[in-house]
Amino acid sequence: MTKDSKKGAPVRRRLAPAERERQILEGAIAYFSEAGFSGQTRELSRRLGITQPLLYRYFPSKQALVEKVYQTVFQGRWNPAWIPLLQDRAVPLRERLVEFYRQYAQATYRPEWIRIYMHAGLSDPTLNQRYIRLVRRELLPVLCVEVRHHCGLAVATDGPDEQEIEFVWHLHGGIFYQAVRRHVYRTRVSVDFQTHVGLVVDNFLAGAQSVYPRLLVKTAPDP
């Protein structure tokens, strides 16, 4: 805002519609990462220096704004190119996993992403459930197939079962938790992220060599 030199009253700077929408969206991401989705649009408007009617001109309801935040922060940062990266068997699986999590962390493990994700889990878990379904559908089956191949095991024609999915969730969740400690609990993490990923991947693959064959025996159908 600027001030009228005659009256001393604040004058709102006019923005192009696309710029105003971007301003509101960026402000909402920062605000919801701090206050959670229970935060009020009245307070968001105050922080942005705009009126609620102006905010609702761009987003007709709070739910519409929350949906746009979800699409931007979660869906918008998902990169389909991660899947072929993980499937490139010309590269050792360890290297593929470390590179994938380097790229994935750059896109997602940011303070606003982590904090919005955790807030949503408490106030509106449907958003988390949608993202979990995306990870469950697009990522985890690929990891299962590549881990089977790494262990010299046949790939299931009907896809991985739920125990396999749970097994690879441990890899994904273990890496995610370091970001939670850093950005939610605000604890000091002395091991840098790439070193942490390498250790977690090494531990996972070593365990998979032993556990995965036994896991498949337990889940195989009776003859």
Side-chain angles (χ1 to χ4, degrees), residues 70 74-75 77-109 113-114 116-122 124-185 189 191 193-223:
Y70 171 82
F74 295 100
Q75 286 184 325
R77 295 182 185 176
W78 181 268
N79 186 353
W82 291 332
I83 303 307
L85 181 157
L86 287 167
Q87 294 172 323
D88 182 8
R89 292 178 182 170
V91 179
L93 181 56
R94 182 192 188 276
E95 294 180 24
R96 283 179 270 158
L97 289 171
V98 169
E99 176 60 18
F100 162 71
Y101 279 109
R102 183 190 70 79
Q103 294 185 22
Y104 185 77
Q106 284 184 342
T108 62
Y109 293 167
W113 191 100
I114 294 292
I116 286 177
Y117 186 85
M118 300 301 288
H119 277 304
L122 295 173
D124 188 3
T126 57
L127 296 179
N128 299 65
Q129 291 163 5
R130 287 167 61 186
Y131 188 74
I132 287 171
R133 285 196 296 269
L134 174 65
V135 172
R136 170 66 176 79
R137 182 180 68 249
E138 301 294 335
L139 175 63
L140 300 187
V142 173
L143 291 179
C144 290
V145 168
E146 297 308 314
V147 171
R148 280 199 184 211
H149 182 266
H150 175 78
C151 295
L153 302 168
V155 175
T157 57
D158 56 350
D161 65 25
E162 288 304 313
Q163 288 200 59
E164 288 184 75
I165 293 293
E166 286 298 317
F167 187 81
V168 298
W169 262 124
H170 289 298
L171 169 65
H172 197 70
I175 293 173
F176 170 77
Y177 186 62
Q178 196 206 56
V180 172
R181 287 164 53 209
R182 178 172 300 177
H183 299 305
V184 176
Y185 304 146
V189 179
V191 178
F193 183 77
Q194 281 303 106
T195 300
H196 170 70
V197 169
L199 292 171
V200 172
V201 168
D202 286 340
N203 187 57
F204 172 79
L205 292 178
Q209 293 283 3
S210 171
V211 173
Y212 227 72
R214 291 189 283 116
L215 179 69
L216 299 185
V217 168
K218 288 181 180 180
T219 59
D222 295 330

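Sequential numbering from 1 along the given sequence is applied to the chain's residues.
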Do R94 and H150 have side chains that get closer than 4.5 Å, going by heavy atoms?
no
Close side-chain approach of N203 to L199, heavy-atom, < 4.5 Å
no
By salt bridge (charged side-chain N to carboxylate O under 4.0 Å, His left out), which residues pair with R182, not counting sequence neighbours?
none
Ring-face cation contact, Y70 with R130, 6.0 Å cut, 45° max:
yes
Exercise answer: donor-acceptor pairs, residues 165-181 side-chain atoms, under 3.5 Å, sequence neighbours excluded:
| residue | atom | partner | partner atom | Å |
| --- | --- | --- | --- | --- |
| H172 | ND1 | Y101 | OH | 2.9 |
| Q178 | NE2 | V191 | O | 3.3 |

Under the ring pair (Phe, Tyr, Trp, His ring centres under 6.0 Å) test, which residues partner F100, sequence neighbours left out?
W82, Y104
Give the intermediate values and the outcome of side-chain contact (heavy atoms from CB on, under 4.5 Å) for residues H196 and V189.
CA-CA 10 Å; H196 170 70; V189 179; over 6 Å; no
Hey, could you give me the CG/CD distance between L93 and Q87, rounded to the nearest 0.5 Å?
11.5 Å
Nearest 0.5 Å please: distance from the CG atom of L127 over to the CD atom of Q75.
10.0 Å
CZ-OG1 distance between R133 and T126, expressed to the nearest 0.5 angstrom:
8.5 Å
Let me know which of L86, D88, V197, L85 forms a side-chain contact (heavy atoms from CB on, under 4.5 Å) with E99.
L85
By side-chain hydrogen bond (donor to acceptor under 3.5 Å, both in side chains), Q129 pairs with (sequence neighbours left out) none
If I take atom OH from residue Y131 and atom CZ from residue R136, how far apart are they, to the nearest 0.5 angstrom?
15.0 Å
Please assess L97 against L143 for the test side-chain contact (heavy atoms from CB on, under 4.5 Å), listing each intermediate value before the final yes or no.
CA-CA 9 Å; L97 289 171; L143 291 179; 3.6 Å; yes
Which value, rounded to the nearest 0.5 Å, describes the distance between Q163 atom CD and L215 atom CG?
5.0 Å
Run the side-chain hydrogen bond (donor to acceptor under 3.5 Å, both in side chains) test against T195 and tell me which residues pass, sequence neighbours left out.
D192
Parallel, tilted or perpendicular, judged at 30° and 60°: which one describes the rings of Y109 and F193?
perpendicular
Working to the nearest 0.5 angstrom, can you tell me the gap between W78 CH2 and L139 CG?
5.0 Å
Minimum heavy-atom separation for V91 to R96, with atom names?
O-NE, 2.7 Å
Can you name the residues that form a side-chain hydrogen bond (donor to acceptor under 3.5 Å, both in side chains) with Y212, not counting sequence neighbours?
E164
For the student: nearest non-hydrogen atoms of N128 and Y117, plus distance:
ND2-O, 2.8 Å
Please give me the minimum heavy-atom distance between V147 and A208, naming the atom from each residue.
CG1-CB, 3.9 Å
